[in-house]
Amino acid sequence: METPLKKLYQTNSLTGEELLYLLNNLDPGTEKLLFSLTHQTRKKYYGRKVYLRGLVEFSNYCRQNCLYCGLRRDNRHISRYRLRREEIWHLCQRGYRLGFRTFVLQSGEDPYYTDELLEDIIAGLKERCPEAAVTLSLGEKSRQSYHRYYAAGADRYLLRHETAAGHLYAGLHPGMSLQNRQKCLQDLKAIGYQVGAGFIVGLPGQGNRELVADLLYLKELQPHMVGIGPLIVHPDTPLKDCPNGTSKKTLICLALTRLLLPEALLPATTALNVLSPTGLERGLAAGANVVMLNLAPASVRVKYELYKGRVQDDLEGQALLERMKARILRAGFAVDMGRGDHPDWTDQEKRGAVENGPGNDEVKANG
Ligand code: 5AD
Ligand code: SF4
C-alpha cells in the first residue's frame, strides 16, 4: 500500500533512494497513477487555472558557451539582434492591452545591456504597465546587479540550474560552475525575488541518478517556479550528434516536480511542443500550470534559436493569444491572465525588504 509514489503524493517528499527506485521501476500502471495523482495535486492548489505570460526575447547575444545552446558565443551561424528599450516597451504595452499581466524579459548573457540600461528598461516598463509583474531571465549576474533590478521594480527571476549533477554541469558549461549557479539562485531568493530554477531532460550522460539530483536540489531550494524541458539538439552546437530528450521522461520529471513542490508555477515549455504537436496539452496534463506566449513579431522570434524546430508560425498578438486560449480550454483547463504570483509571495511584505540596501554579504556582515 505504502508505495513510494503514494508516499510522495501524501507527504510531497521522498528520499533520493526512493526517488531513484520510483524512476527505475516505472511501469505503465505506475506512470498512469503518477499522472493522475499529479493532476489531483495541481487541482487542489490551482484548480484548472493556467497562467499566461508574455515573453520578450530581447537579445540573442550571449557571452557564454553552453554546449547545447544555439545562442552560444561560438555559434557563427546565427544572426544576432538586440531590441532597443523602446521596442521592448512597445511589445509589452501591446501585450498589456491584450490583457497580459506578466512580462518575461529574456536574453542571452549580453553585456550590452548594462545595469543602468536594465534599470531604465524595468522602471520604464513598470511605469507603462503598472499592474504587470516583471520577470527577468538574463543569466548569471552579481548579487549587486540582481539587487538593482529588484529595486527598479523586477519581481521574478528565472535562472534554470540546468543540471544539478556536478560532473554533467562542468562538462556542458565551459567557464561556468554549478556552485556559482546555485549561489546566484540563493542570492535571488535572499533579495526577495520569486525565483525560477529548472533543468534540461535528456542531456548526454544524464540517467535517473542525475535526475534525482535535480529533484532533490529543487526540493531543497524551494523555488517558486520550475522550467523543465527536453534537450532539443541544435545542429550548430557540439551536441549536434546527440539524441533529443524524450517527451515521456520530461513529463515524468514535470509530474514528480509537481508532487515535490505542489504550489510551484510550472510552465509547459515550448521545447515540449517541438517534440510533439500535443506537447502543450501533455504538459498541462502532467502538472504544468503556466504557458508563455511570445510577444515579438515572427521575424524576430525566428532568430532566438536556442534549438532548432521551434514551432514557427506567423500568428502574432491577438490571433496568437486567441488560438492559445482556445487550445487551453479545449484541453480542459481555464485561462488566467492575472499576475499569477506564487501563493507564498506577498508583494508588500517582500518589497519592504528592498529598502534595507543591497543585502550583499559584506554589507550584512558589517551591520
Ligand atoms: N534544448 C533544450 N533547452 C535548451 N536551452 C538552451 N538550449 C537548449 C536546447 N538545445 C534552455 C536552457 C536555458 C533556457 C533558456 O533554454 O535550459 O536555461
Ligand atoms: Fe547563453 Fe543561456 Fe544559451 Fe548558455 S543557455 S549559451 S547562457 S543563452
Side-chain angles (χ1 to χ4, degrees), residues 53 55-78 80-82 104-113 135-141 157-165 168-178 180-182 184-185 188 195-204 206 211 214 217-218 223 225-247 249-250 253-254 257 266-276 279 283 292 294 301 303-311:
R53 319 293 203 199
L55 175 65
V56 176
E57 294 159 333
F58 64 89
S59 161
N60 67 356
Y61 282 82
C62 189
R63 66 189 178 101
Q64 301 292 7
N65 223 3
C66 309
L67 263 61
Y68 43 80
C69 178
L71 305 192
R72 66 200 303 274
R73 70 162 183 265
D74 285 354
N75 183 8
R76 306 265 175 263
H77 299 288
I78 85 167
R80 307 272 175 177
Y81 73 91
R82 292 186 174 108
V104 182
L105 305 186
Q106 186 165 55
S107 68
E109 291 195 13
D110 182 359
Y112 170 88
Y113 296 85
T135 303
L136 303 177
S137 177
L138 318 173
E140 296 184 11
K141 306 270 184 177
Y157 203 104
L158 308 179
L159 184 74
R160 289 187 178 181
H161 65 274
E162 313 295 4
T163 171
L168 289 189
Y169 193 97
L172 291 165
H173 305 96
M176 301 171 83
S177 75
L178 179 58
N180 191 57
R181 197 78 176 173
Q182 294 180 331
C184 287
L185 285 161
L188 290 162
V195 172
F199 58 99
I200 302 179
V201 179
L203 291 168
Q206 185 189 51
L211 292 172
D214 287 314
Y217 174 63
L218 290 175
M225 302 163 286
V226 183
I228 300 170
L231 173 71
I232 309 287
V233 167
H234 190 297
D236 302 319
T237 65
L239 297 195
K240 61 176 187 297
D241 297 322
C242 295
N244 283 337
T246 66
S247 299
K249 211 32 171 279
T250 307
C253 290
L254 196 56
T257 302
L266 305 180
T269 50
T270 43
L272 254 182
N273 237 356
V274 173
L275 294 182
S276 140
M292 296 196 201
N294 211 309
R301 270 185 264 158
K303 295 187 182 169
Y304 203 85
E305 209 179 65
L306 296 164
Y307 40 80
K308 290 267 180 197
R310 250 178 125 174
V311 183

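Whatever order the structure lists ligands and atoms in, that order sets their numbers, starting from 1.
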Starting from atom 2 (C) of ligand 1, which protein heavy atom do you reach first, and at what distance in Å?
P230 O, 3.2 Å
Contact region, C66 to ligand 2, non-hydrogen atoms below 4.0 Å, reads both
Measuring to atom 1 (Fe) of ligand 2, does C62 have an N/O/S atom at a distance below 2.8 Å?
yes
Protein residue, atom and distance nearest to atom 10 (N) of ligand 1, heavy-atom basis:
I232 O, 2.8 Å
In the protein, what heavy atom is nearest to atom 7 (N) of ligand 1, and what distance, to one decimal place, separates them?
Y68 CD1, 3.4 Å
Counting each atom of ligand 1 from 1 as listed, which ones have a heavy atom of L231 under 4.0 Å away?
1 (N), 2 (C)
Considering heavy atoms of the protein only, find what lies nearest to atom 16 (O) of ligand 1 and give residue, atom and distance to 0.1 Å.
L306 CD1, 3.5 Å
Could you tell me whether atom 2 (Fe) of ligand 2 has at least one protein heavy atom nearer than 4.0 Å?
no
Nearest-neighbour protein heavy atom for atom 11 (C) of ligand 1, which is reported as residue plus atom name and distance:
R160 NH1, 3.6 Å
Polar contacts were defined as any N/O atom of the residue lying under 3.5 Å from an N/O atom of the ligand; does this apply to E162 and ligand 1?
yes
Does one side chain, of N60 or E305, offer a donor that lies under 3.5 Å from an acceptor on the other?
no
Please identify which atoms of ligand 1 are closer than 4.0 Å to at least one heavy atom of Q106.
15 (C)
May I ask you to check whether H234 has an N/O atom sitting below 3.5 Å from an N/O atom of ligand 1?
no
State, yes or no, whether a side-chain contact exists between P204 and L231 at a heavy-atom distance under 4.5 Å.
yes
Counting from 1, what ligand 2 atoms have a heavy atom of R72 closer than 4.0 Å?
6 (S)
Parallel, tilted or perpendicular: ring planes of H161 versus Y217, cut at 30 and 60 degrees
perpendicular
